[in-house]
Structures are given as structure tokens and as C-alpha cells.
Asks: 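I have a structure here, written as C-alpha cells, and I will follow up with some questions on it.
A, B, ... follow the sequence lines: proteins, then strands. Residue 1 opens every chain.
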Amino acid sequence: MSDRQQQRSGPDRPAQQNLERLIAGRREKLERLTEQGVEPYPYAYDRSHTSTEIRAQEQSLTTAGTRVRYAGRIMAKRGTGKTLFVPIQDDAGQIQAYFRKDDLGVERFKQIQKLVDIGDWIGVEGSVFRTKSNELSIAVEDFTFLAKSIRPLPEKYHELSLEVRSRQRYLDLIMNQPTRERFRLRAAILAEVRAFFATEDFLEVETPVLQPLYGGATALPFTTHHNALDMRLYLRIADELYLKRLIIGGLEKVYEIAKDFRNEGMDRTHNPEFTMLECYAAYWDYHDMLDLTERLLRRLAERFGRAGQVPYGEQTLDFTQPFARVRFLDALAERLGCDPLALDDDALAELARKHDIETGPGKGRDKLLDELFGRLVEPTLIQPTFVLDHPQELSPLAKAHRSETGLVERFELFACGFELANAFSELNDAHEQRARFAAQQALQRAGDAEAQPLDEDFLQALEYGMPPTAGLGVGFDRVIMLLTDSHNIRDVLLFPHLRPEPHQEQPSDARGDQPE
RNA sequence: GCGCCGCUAGCUCAAUUGGCAGAGCAACUGACUCUUAAUCAGUAGGUUCGGGGUUCGAUUCCCUGGCGGCGUACCA
């Protein structure tokens, strides 16, 4: 190790010399601790109380004079000569440790004063008390070194950049209590969703991530390769076609919460891998599913908002009343000021171009209507709103509308200007489904790369008969964004997708992936 | 993808018209027995993201590559 410290003219980048010095200094302290007989990386520490428990039990702990054993990361050191105040952070918060030279002796005090750094892990043992300035503290009688941090923590009173927060999430978690709270909340919301589906009698299932053919959504997949079978596989873009196979199998109510993968752009509401909630119920139509969606969102808003009101930026979203409902074409007509169905193809294309939407082969009428809707209507849907009855071409897996030709029985839920959920009465006529797939293939030939492929295996399953069924997909990360007042999906993903840093080179002998 | 903006010490940020690259925190040395952004005195820390160009001289201007932010497009 000392050889490396002496290495001045090596390949190390000069810009890192200062950091190297800081690290070398901490390694040196580690060596000196070891020389003094301190085990630098012990195997366990038997703590008696967490910070939460100490705060909750302060009264009894102080009156009884109980010795507590508390552990965590050192977040600061404030020395006043022969005493030292050290805030120690555990999972839930911080408790200040109070070291006195007179209590610990010269050598032990010198260890904590000189050889222990901000960022190190430590266990302290002593009694709980309040300082003169009324700070809850532990008067340390003994301490145990638990682990060394050889890199300096970020500076303490400025925010980390979004990049550092995302790329080095552990630093964000160390430095920012709200980040910890946000991810605890995410876990609580997930648990609440599972509890909801349990009360609704849904069965939680798991379906394949690696699929021989992708389907169930309009999106581009990630491709990989299975060596043993020497075959191309796709990471799923949706769970839909497998969950429907389960409905066909007679599991009447199923749901899955899992990662889907879409090989598309990233922005504040999109990450290449994201968590999707999908559920399917036999004998239901999309009206039943709409009711379930409203029950779910209302329950989450009541549990995690303020009595069903959810603050989001400047807005407050109200989930207590029945959500607004608007038909797709009506909403679009209102924004356009004319009936889009009354326009001929040329007029529609011109209208699209007027709103900066590309036209051309592979973009049918319905696709243009959808893009116009996305451009003109979606951003205006702040309060929770159901949009119903979409054009058929956009929804090759949805059942035709029972009374409106050219439309399907479908709804999307919007809030905060983005889509939260998508559902339909599922198409269960195998013959019709085959025709819809054929239409998708025609679109694909015309240049629509996202058109859905024909899934012969799924069609075979469907030919055994699927009962009337409604299905729902919910962008779970977006629900988390909504309920935690987060405005970038990266804030609700512990490890959002980022470009690798230049020094993180990929192994050149990587196997399994097939370059596309 | 495209457009705009950014990248300076471990972290957060300065630097006049192109003229010696600075501060706070962190680190190091010392003082201090109730601090809490502890305080006080001092020290050290830089290939200004990489490469190229213009110039007597580039953190600054130009080109190019990398990464990031915001906007925009497709999608949950």
C-alpha cells in the first residue's frame, strides 16, 4: 500500500492527486488503528437501540440510566478540546454522541479525535442524556470501530447535483433524508397496492421477462441471445399476452408488478426499464376495470395524500370525487374546434403538420389522431381524468366498441398531464385478433417500426377460448411520482438508467448479448 | 434523434475586455471540557472534461469528441 502512496509519476491522472492524498491519509489512519490493536473491519455489532427507539424511549432510558448500544455513520465532528460531539446517522435519523477525554482516557480519546473520520462507521455505548442546549445525546463510555470510509463524503450544506444523486445514489441516501423517505414511501405504496389486490381477490403471478416474441404494447424491445438454445430473445415490453394466457387457463383474476423494458427515449417520465402493474379479470368489461382503477387510486390518495387530496407542484389533485370522464374524440374535437372524423385524409394530414407532427407512410389516420391528442389534450389533463373509447387502429388487442364503429372499449387515466393507466375490454375473438395482427403487419410493412408482431402462440391459446375479460396496465413509477410530488422519474428510481461514465468500460469479452 | 446551456480543488461555486486561477466545506497542524453549518490561528490541495486551432498569451474565442441539464419528438 505504501508503494502505491509513493507513486507520483505513475499513470494516475494529476487531477486526482488531491483525492489520492485524501485517500492515502485515511488509509494511514486505518494502519495506525490496526497497529493499536483495533479490528478495522469487525464482523458484527450488537446494538441495543436504533435512533428511532432512543427518541421514542428517551424518558425511560434517561430515568433508568440505561446503557444503550447505538451504531451508524459519522456525519460530522465538532471538537472543543477535551470533548467531542459526533452526530451518528442510522437508517432513520441521527443521534449525537458525546465523547469526553476524562471518561475515555487519553489513548481512546485520541483515537476518536485523530484516527476516526467523517464517513466512518462506529458503534457507541453509553447513557442517554440532554446537553445544556437540549440536544438528545449519548455520553459515550465505550466505542467500537465498525468500518473505515477512505473516501471523503460530499460537502454538507449544498445540494448534490442531479447527476451525482442519480449516479451515486448511496451518496444521495447518506446526505439527504428526504431521499430515504421517498424510497420508504415507494415501498409502502407497493405494499398498499398488494394489499388492495388481495382485498379484491386477485392472484399475484410472475410471467417471463425473456420472451421469444415481444407483444402487448406498441414499443421497440431490447434484444438478447440465449446461448444454449442459440435463439434470439426479447426483454418484455409488457406482461399482457402472458397474463391473458392465465385467464385462458382459468385463473380468473391475476396481477403482476414487474419490470418492463422499452428501447426508446428517456426523459422525466420515461426510463428504459420501468415498473408496470398489470391486472386482468375474467367476466369484466372496461367499465368494471375503470371502477377498480378509481378505487385503487382513491385508496392510495387517501392513504398517502391528505385525505384524498394529493399536492403536486403548484396543483392539488383531488381523488375524492368521481374522476372526470371524457371520450377521446370529444376531447380532441373540443381542442381542435372541429370534428376530426369529418376531415378527409389530406385535411387531417395538414392539420397534423400544422402542429409539428410528421406525416407519411406508416402513419395512419388513427395514429395522427393519437399524436394530436398527445400534443393538444394530454398536457391539459391535470386533475385525474378518464379518456374513453379510442380509435381501433391504436389498440390491436382491445375489443371493438359495442355501439361505436371504428372505436374500441378502452380508457386511459391521466393526471398531472401524463398517462397513469391504460385499460380495455380485451379482444377474445381469436379470428378477429388474427385479423388485427395482420393489420399491424401491414402497418409494419408501411414503415411503422413499433407495429405489434403476430404472435402465433398467443393466437393458439386464444383459440382455446378466453372469457370476457378486462385488463389494466398502470405505470407504477408514475404513480410514485404523483404520490411523492416528484417531477422526474429518476427521483423515484433508486438506480435510473444513465450513460456510463467514460472510465466504466464494458468488458470486451462479454457473452450472451447479440449486437443488433 | 434534434435544439439550447453547462463541465474550474474530494464537494458546492467564483474569476472584469483574452493578461499571475479564488472562496466556503472536507483534509492537515495548533488552541479550546456542552458543540450542533462549532469557533479561532495557520498549512496544503489545480494538465480549468479530452483532443486540435487562433493568439505574445486561452478557464475565457473557434473546431471536434465525451458526459450532464433543460426543452422537443416517440413511448408508460
Asks: Can you tell me how far C1' in B:A27 sits from the matching atom in B:G68, rounded to whole Å?
Replies: 28 Å
Asks: Considering just the side-chain nitrogens and oxygens of A:Lys29, establish if one lies under 4.0 Å of OP1 or OP2 belonging to B:C28.
Replies: yes
Asks: Quick one: do A:Lys82 and A:Arg100 satisfy side-chain contact (heavy atoms from CB on, under 4.5 Å)? Show the steps, please.
Replies: CA-CA 6 Å; A:Lys82 298 187 179 64; A:Arg100 279 181 80 217; over 6 Å; no
Asks: Roughly how far apart, to the nearest Å, are B:C56 and B:C2 at atom C1'?
Replies: 41 Å
Asks: From CZ of A:Arg268 over to P of B:C75, roughly how many Å is that when rounded to an integer?
Replies: 15 Å
Asks: Output the rounded distance in Å from CG (A:Asn176) to P (B:U12).
Replies: 12 Å
Asks: Does A:Arg108 qualify as a cation-pi partner of A:Phe143, given the criterion of NZ or CZ under 6.0 Å from the six-membered ring centre and within 45 degrees of its axis?
Replies: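 The answer is yes, since A:Arg108 meets both limits relative to A:Phe143.
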Asks: Describe the nucleic acid contact of A:Lys114 in one word from base, sugar-phosphate, nothing, applying a heavy-atom distance below 4.0 Å.
Replies: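 Sugar-phosphate, no base atom in range.
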Asks: Looking across every strand, which nucleic acid part, if any, lies under 4.0 Å from A:Asp103 by heavy atom: base, sugar-phosphate, or nothing?
Replies: nothing
Asks: Mind checking the C1' distance from B:G22 to B:G45? Whole angstroms is fine.
Replies: 13 Å
Asks: Determine whether a donor-acceptor pair (one donor, one acceptor, N or O, separation below 3.5 Å) exists between the side chain of A:Glu155 and the base of B:G24.
Replies: yes
Asks: Send over the distance from A:His497 NE2 to B:A76 P, rounded to a whole Å.
Replies: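 Going from A:His497 (NE2) to B:A76 (P), I get 19 Å.
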Asks: Please state whether the rings of A:Phe202 and A:Tyr255 are parallel, tilted or perpendicular, taking 30° and 60° as the class boundaries.
Replies: perpendicular
Asks: When the distance from CZ of A:Phe129 to C1' of B:U35 is rounded to whole Å, what number comes out?
Replies: 11 Å
Asks: Nearest-Å distance, CD1 (A:Ile150) to C1' (B:A26)?
Replies: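 These atoms are roughly 16 Å apart.
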Asks: B:U33 phosphate, OP1 or OP2: any side-chain N/O from A:Lys82 under 4.0 angstrom?
Replies: yes
Asks: Using the side-chain heavy atoms of A:Arg478, tell me which of these nucleotides is nearest: B:U35, B:A73, B:A76.
Replies: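 Per side-chain heavy atoms of A:Arg478, the pick is B:A76.
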Asks: Which part of the nucleic acid, if any, lies within contact of A:Glu419, taking any heavy atom under 4.0 Å across all strands shown: a base, the sugar-phosphate backbone alone, or nothing?
Replies: sugar-phosphate
Asks: Between B:C75 atom C1' and A:Leu394 atom CG, what is the distance in whole Å?
Replies: 13 Å
Asks: Using a cut-off of strictly less than 4.0 Å, decide whether A:Arg26 has a side-chain nitrogen or oxygen near OP1 or OP2 of B:A26.
Replies: no
Asks: Side chains of A:Gln36 and A:Lys110, heavy atoms from C-beta outward: is any pair under 4.5 Å?
Replies: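 They are not in contact (no side-chain heavy atoms under 4.5 Å apart), so the answer is no.
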Asks: Looking at B:C25, I'd like to know if its phosphate oxygens (OP1 or OP2) sit under 4.0 Å from a side-chain N or O belonging to A:Lys77.
Replies: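 Answer is no, no contact under 4.0 Å.
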Asks: Applying a 3.5 Å limit to both distances, which nucleotide forms a Watson-Crick or G-U wobble pair with B:A21?
Replies: none
Asks: Strictly by Watson-Crick or wobble contacts shorter than 3.5 Å, is anything paired with B:U55, and which nucleotide is it?
Replies: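 Here B:U55 is not engaged in any pair, so there is no nucleotide opposite it.
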Asks: Just call it for A:Asn488: base, sugar-phosphate, or nothing, with non-hydrogen atoms closer than 4.0 Å on any strand.
Replies: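 Contact class for A:Asn488: sugar-phosphate only.
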Asks: Has A:Asn18 got a side-chain N or O lying under 4.0 Å from the OP1 or OP2 atom of B:G10?
Replies: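 Yes, because at least one side-chain N or O of A:Asn18 sits under 4.0 Å from OP1 or OP2 of B:G10.
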Asks: Which residue lies toward the 5' end of RNA chain B, A:Arg100 or A:Leu160, if each is placed at its nearest nucleotide?
Replies: A:Leu160
Asks: Is A:Arg335 reaching over with its side chain to a backbone N or O of A:Val377, donor-acceptor style, under 3.5 angstrom?
Replies: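 No, A:Arg335 side chain to A:Val377 backbone: no donor-acceptor pair under 3.5 Å.
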Asks: Can a donor-acceptor pair be found, under 3.5 Å and without considering hydrogens, that links the side chain of A:Gln113 to the backbone of A:Gly81?
Replies: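 It does hold such a pair.
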Asks: Does B:U35 have a Watson-Crick or wobble partner in any strand here, with both distances under 3.5 angstrom, and which is it?
Replies: none
Asks: In whole angstrom, give me the gap between the P atoms of B:G19 and B:U59.
Replies: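 B:G19 and B:U59 have their P atoms separated by 10 Å.
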Asks: Would you check if the side chain of A:Lys77 reaches a backbone N or O of A:Val116 as a donor-acceptor pair within less than 3.5 Å?
Replies: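 Flag set: sc A:Lys77 to bb A:Val116 pair under 3.5 Å.
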Asks: Can a side-chain donor-acceptor contact be found between A:Arg236 and A:Thr207 if the only test is distance below 3.5 angstrom?
Replies: yes
Asks: Report the base-pairing partner of B:G46 (Watson-Crick or G-U wobble, both distances below 3.5 angstrom), or none.
Replies: none
Asks: Does B:U72 have OP1 or OP2 under 4.0 Å away from a side-chain N or O of A:Arg375?
Replies: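 Result: no.
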Asks: Counting side-chain heavy atoms from C-beta on, which of B:U33, B:C34, B:C74 comes nearest to A:Thr131?
Replies: B:C34
Asks: Taking the side chain of A:Pro152 as its heavy atoms from C-beta onward, which of B:G10, B:U33, B:C11 lies nearest to it?
Replies: B:G10
Asks: Does A:Arg32 have more than 12 heavy atoms from other residues, nucleotides or ligands lying within 6.0 Å of its CZ?
Replies: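 Check fails, neighbour count at 12 or below.
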Asks: Measuring only the C1' atom in each nucleotide, how far is B:G24 from B:C20? A whole number of Å is fine.
Replies: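 After rounding to an integer number of Å, I get 23 Å for this pair.
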Asks: Report the base-pairing partner of B:G71 (Watson-Crick or G-U wobble, both distances below 3.5 angstrom), or none.
Replies: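 Paired with B:G71, as far as the under-3.5 Å criterion goes, is B:C2.
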Asks: Closest to the A:Ser161 side chain: B:U12, B:G68, B:U35?
Replies: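 Looking only at side-chain atoms, A:Ser161 lies closest to B:U12.
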Asks: Around A:Gln177, counting heavy atoms of other residues, nucleotides and ligands shown, do more than 12 lie under 6.0 Å from its CD?
Replies: yes
Asks: Can you tell me the pairing partner of B:C7 across any strand shown, Watson-Crick or G-U wobble, with both distances under 3.5 angstrom?
Replies: B:G66
Asks: Is there a Watson-Crick or G-U wobble partner for B:U16 with both distances under 3.5 Å, and if so, which one is it?
Replies: none
Asks: With respect to the side chain of A:Thr83, which nucleotide from B:U33, B:C75, B:G68 is positioned closest?
Replies: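 Selected nucleotide (nearest to the side chain): B:U33.
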Asks: Please give, in whole Å, the distance from B:C75 P to A:Phe261 CZ?
Replies: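 A:Phe261 atom CZ is separated from B:C75 atom P by 21 Å.
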Asks: Look only at the side chain of A:Arg478 and the backbone of A:Thr269, and say whether a donor-acceptor pair between them is shorter than 3.5 Å.
Replies: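 Checked: pair present.
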Asks: With rounding to whole Å, what would you report as the distance between B:A73 and B:U55 at their C1' atoms?
Replies: 42 Å
Asks: Give the rounded distance in Å between these two atoms: CE of A:Met175 and C1' of B:A26.
Replies: 10 Å
Asks: Look at all strands and tell whether A:Asp260 reaches a base, only sugar-phosphate, or nothing, counting heavy atoms closer than 4.0 Å.
Replies: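 Since no nucleic acid heavy atom lies under 4.0 Å of A:Asp260, the category is nothing.
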Asks: Look at the side chain of A:Glu135 and decide which nucleotide, out of B:A26, B:C34, B:U35, has an atom nearest to it.
Replies: B:U35
Asks: On RNA chain B, nearest-nucleotide positions of A:Ser137 versus A:Ala217: which is more 5'?
Replies: A:Ser137
Asks: Taking atom C1' in both B:A14 and B:U72, compute the distance separating them and give it to the nearest angstrom.
Replies: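 Those two atoms are separated by 33 Å.
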Asks: Any base atoms under 4.0 Å from A:Gly473, or only sugar-phosphate, or nothing? Heavy atoms, all strands.
Replies: nothing
Asks: What nucleic acid atoms does A:Gly81 come within less than 4.0 Å of, heavy atoms only: base, sugar-phosphate, or nothing?
Replies: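 Here A:Gly81 touches the bases of the nucleic acid.
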Asks: If only atom types and distance count, is the side chain of A:Glu264 paired as donor or acceptor with the main-chain N or O of A:Leu220 below 3.5 Å?
Replies: yes
Asks: Please determine, for B:U29, whether a Watson-Crick or G-U wobble partner exists with both distances under 3.5 Å, and give it or none.
Replies: B:A41
Asks: With sugar-phosphate meaning primed atoms plus P, OP1 and OP2, does A:Arg165 contact a base, only sugar-phosphate, or nothing at under 4.0 Å between heavy atoms?
Replies: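 Nothing: the residue A:Arg165, judged by heavy atoms under 4.0 Å, touches no strand.
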Asks: Picking from B:C74, B:C34, B:C11, which would you name as closest to the side chain of A:Tyr98?
Replies: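 Among the listed nucleotides, the one closest to the side chain of A:Tyr98 is B:C34.
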Asks: Choose from B:G10, B:C28, B:C67 the nucleotide whose nearest atom is closest to any side-chain atom of A:Glu163.
Replies: B:C67
Asks: For A:Glu371, which contact category applies under a 4.0 Å heavy-atom criterion: base, sugar-phosphate, or nothing?
Replies: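 Sugar-phosphate contact only - A:Glu371 comes under 4.0 Å of backbone atoms but never of a base.
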Asks: Which ones in residues 269-277 of chain A lie close to RNA chain B, meaning a heavy atom under 4.0 Å from one of its atoms?
Replies: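 Here the set is A:Thr269, A:His270, A:Asn271, A:Phe274.
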